[in-house]
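Side chains included, hydrogens not; waters and symmetry mates left out as well; all remaining heavy atoms used. One-based numbering, in listed order, for ligands and for the atoms of each. Numbers here are sequence positions counted from 1.
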Amino acid sequence: MTTPDLFADSASQESPKSRVAQLHQLLHQYNHSYYVLDHPQVPDAEYDRLFKELQALEADHPELIQPDSPTQRVGGRPLESFTPVRHAVPMLSIRTETDTQASGAQAFDTRIRRELGLSSEDSPVEYVAELKFDGLAINLRYEQGRLTMAATRGDGEVGEDVTQNIRTIGQIPLRLPADVPAVLEVRGEVYMRRDHFQALNARQLAKGEKQFVNPRNAAAGSVRQLDPAIAAQRPLSFYAYGLGEVSPAAHAITTHHEWLIALKAWGFPVSEHVRLARGADQLTTYHAHIASLRDSLPFDIDGVVYKVNSLGLQRQLGFLTREPRWAVAHKYPAQEMLTKVLAIEVQVGRTGKLTPVAKLAPVFVGGVTITNASLHNEDEARRKDVRVGDTVIVRRAGDVIPEIVSVVLPTPEPVSEAQATQSQPAIRGAIFTMPQRCPVCGSEAVREEGEADFRCTGGLFCSAQRKQALLHFAQRRALDIEGLGEKLVDQLVDQSIVKGLPDLYRLGLVGLAGLDRMAEKSAQNLLDALQKSKRTTLPRFLYGLGIRHVGEATAKDLAQHLGSLDAVMDATEEQLLQVPDVGPIVAKSIRTFFGQSHNREVVEQLRACGVHWPEGTGLADSPKPFLGKTFVLTGTLPTLSRDQAKAMLEQAGAKVAGSVSKKTDFLVAGEEAGSKLDKARELGVMVLDEPGLLALISQAGVE
Ligand code: D41
């Protein structure tokens with residue numbers, strides 16, 4: 001067999017016997033790459049799926065169970081290079097259920113109550129809810145308060161001595177206070193924070209060394225790094241969740257929660273997200289709360305853990321083979337899944353940037369369905385060597401942008417020669433290359449020296465760039481044209497109704513009426529929004545033009561320091577460099593933009609269409625008629641937005657405050673002005689409506 005048959009519903013195609021053999025081979029191989037090489041080939045979810053398939057087959061056909069079946073062994077084999085250590089108390093595993101609905105807590109609580117023989121009249125069972133860290137389980141043994149041994153979990157009975165490496169983790173105490181039991185074993189999870197993981201991978205890349213697939217593998221690889229000097233440079237963290245041997249027994253401690261408090265007092269890191277919960281409802285609330293927090297945590301978790309708090313009840317419940325009955329882990333939907341690359345498309349951005357995007361067979365990852373993943377640029381696409389038809393690991397974590405972690409290459413040739421002759425070489429798609437021409441307009445695509453991106457040179461001739469330019473101009477922080485979204489822009493450009501920005505202001509009811517989803521009402525709303533957008537501010541207008549490297553902040557600086565659009569358009573590079581935060585690249589980009597006559601033409605046409613803003617003559621010497629005056633805005637003004645009114649006032653030197661006080665000079669009140677208006681009247685503050693404000697501004701000679 002050459003390629004893992006990842007998507008086949010194999011049971012229906014093969015005899016159970018050959019499928020079992022196939023699953024053995026795959027699972028052994030995945031185990032080896034996971035545990036021994038620290039380089040997993042497939043996501044956990046995929047491993048679990050195959051493992052469950054094998055368990056099911058073995059349950060139906062017990063005659064097929066072999067002693068070396070992956071189902072007959074728990075956990076990984078210790079690396080030969082580390083000394084094996086037998087755990088004084090076996091390290092149990094934890095029953096894990098995938099639970100997306102958060103209703104699993106109810107099932108757990110019901111089972112616990114039944115096993116404890118509790119009736120509905122009895123009070124709720126107390127639980128401890130914890131995070132399920134995604135790391136590596138470790139046993140720390142302290143004798144007379146000193147760390148004497150740190151071992152991995154291994155198969156639960158025998159682990160590996162990784163004391164040297166664990167000693168390098170700053171969060172793990174080497175000595176404990178005098179009052180701890182003579183023998184104390186603390187169990188917990190070694191993990192790596194996401195930011196530390198990223199920094200580590202960046203260092204690995206710079207050194208030309210192997211990058212890690214995810215924080216868990218980086219943590220596992222570091223703990224089981226044979227050279228302690230290298231391990232010492234790996235940024236690992238630890239958190240404690242349980243105990244092994246304790247002697248003499250700590251009789252004063254009667255609950256799991258008390259243990260956690262004791263561990264914390266002795267200097268062990270205990271998660272701040274641990275909570276006591278009474279009954280199923282509070283567990284469910286915890287589950288949902290942590291799910292909403294998951295992406296913002298600085299480390300990966302794969303679920304939550306519920307434990308019966310009382311040690312007495314824990315003893316009563318006991319354990320089943322390898323798992324305590326009193327604990328359960330509820331996993332969140334996997335953040336890594338396998339899928340297929342259907343195509344690699346090249347998308348064109350506003351500034352002509354060409355971005356390769358992998359189109360994926362839809363896959364549910366971390367709670368959402370993903371069909372696209374950006375490959376960022378040509379180098380990145382080649383580094384990952386993603387090709388059409390490949391099976392890839394997609395990951396969605398921390399940030400919302402899904403990414404392709406790696407390609408799952410076909411499995412290596414099988415060992416037996418007989419099989420080898422049957423196998424066929426895996427045929428993969430072609431290596432990705434950027435097109436020489438823009439896929440939308442056919443203009444030449446170029447990659448400038450020192451840049452990672454290819455750009456379409458078609459400028460506004462390119463309809464993709466035009467669409468993006470229109471959307472950028474219309475966005476809330478630019479001209480704020482409500483209702484001008486992607487679908488509408490596509491139609492307007494594709495039907496050649498709008499070719500450039502000024503065409504927007506030439507739209508009429510008749511032209512719009514023929515478009516998809518454009519009832520007369522929405523057409524009128526759009527025209528109203530366009531009309532409203534004409535009154536703007538200079539920073540918004542400058543930003544809306546979409547000049548490369550001119551973001552919102554730069555647009556504000558330019559407006560403030562140069563004062564008028566003409567001053568910006570005609571500024572030399574030297575003058576532009578005087579503006580704070582404008583460096584040579586930005587200055588050059590602005591010069592290039594206004595050096596092109598068609599761009600100046602667009603600006604003139606927009607002004608001719610009635611787009612306008614208050615202009616000054618630059619910060620240094622613009623008149624500041626309202627200097628020292630404090631304004632407060634309240635209610636909805638008929639035409640100005642709050643931001644617009646604020647910008648106008650600030651341009652004229654006024655201070656705009658949030659609440660009315662004796663120091664307020666003017667209150668500008670719109671519709672539904674409430675308590676601020678009452679307060680102003682009470683204090684005798686001058687109240688203006690919008691026309692009053694505009695009159696005041698024009699009297700002062702600002703606009
Ligand atoms: O955060 C974890 N990964 C975690 C793992 C946790 N919070 N609690 C755990 N509790 C246990 C028992 C209930 C057996 C004391 C665990 C694990 N076990 C565990 N992790 C790996 C194997 C077992």
* **Sub-4.0 Å atoms of ligand 1 with respect to non-hydrogen atoms of A327** => 13 (C)
* To do: Using a cut-off of 6.0 Å, state whether more than 12 heavy atoms not belonging to E272 lie near its atom CD.
  => no
* To do: Report yes if some heavy atom in the side chain of E336 is under 4.5 Å from a heavy atom in the side chain of V365; otherwise report no.
  => no
* **R153 neighbourhood, listing ligand 1 atoms whose heavy-atom distance to it stays under 4.0 Å** => 22 (C)
* Asked: How about R203 and Q233: does a side-chain donor come under 3.5 Å of a side-chain acceptor?
  -> no
* Flag the pair L140 / E185 as yes when at least one side-chain heavy-atom distance between them is below 4.5 Å, and no otherwise. => no
* Asked: Is any N or O atom of I94, backbone or side chain, closer than 3.5 Å to an N or O atom of ligand 1?
  -> no
* **Within reach of ligand 1, part of M91 (heavy-atom separation under 4.0 Å)** => neither
* **Protein contact of atom 23 (C) of ligand 1 - nearest heavy atom, named by residue and atom, plus distance** => L92 O, 3.2 Å
* Asked: Does ligand 1 have a heavy atom under 4.0 Å from the side chain of E130, from its backbone, from both, or from neither?
  -> side chain
* **Ion pair check, D44 and R216, cut-off under 4.0 Å** => yes
* State whether R113 and E115 are salt-bridged, where the test is any N-O pair (Lys NZ or Arg NE/NH1/NH2 against Asp/Glu carboxylate O) under 4.0 Å. => no
* Nearest protein heavy atom to atom 12 (C) of ligand 1: under 4.0 Å? -> no
* **atom 2 (C) of ligand 1 - nearest protein heavy atom and its distance** => F133 N, 3.5 Å
* To do: Output the list of atoms in ligand 1 that are nearer than 4.0 Å to some heavy atom of Y239, sorted by atom number.
  => 1 (O), 6 (C), 7 (N)
* Describe, in one word, how the ring planes of H287 and Y332 are oriented to each other, choosing from parallel (under 30°), tilted (30 to 60°) and perpendicular (over 60°). => perpendicular
* Structure fact -> Looking only at protein heavy atoms, what sits closest to atom 19 (C) of ligand 1 is Y241 OH, 3.2 Å
* Asked: Parallel, tilted or perpendicular: which fits the ring planes of Y127 and F108, with parallel below 30° and perpendicular above 60°?
  -> tilted
* Under 4.0 Å between a Lys/Arg side-chain N and an Asp/Glu carboxylate O for D390 and K340? -> no
* Which heavy atom of the protein is the closest neighbour of atom 21 (C) of ligand 1, given with residue, atom name and distance? -> A137 CB, 3.7 Å
* Asked: Quick one: which ligand 1 atoms are inside 4.0 Å of a heavy atom on K132?
  -> 1 (O), 2 (C), 3 (N)
* Step through it carefully: locate the ring centre of F212, locate the ring centre of F197, and say whether they are under 6.0 Å apart. => no
* What part of L131, side chain, backbone, both or neither, has a heavy atom within less than 4.0 angstrom of ligand 1? -> backbone
* **Polar proximity ligand 1 side, S93 side, N/O cut 3.5 Å exclusive** => no
* **Protein contact to atom 8 (N) of ligand 1 [nearest heavy atom, distance to 0.1 Å]** => K307 NZ, 3.0 Å
* For V305, counting its heavy atoms only, list the atoms of ligand 1 lying under 4.0 Å from any of them. => 6 (C), 7 (N)
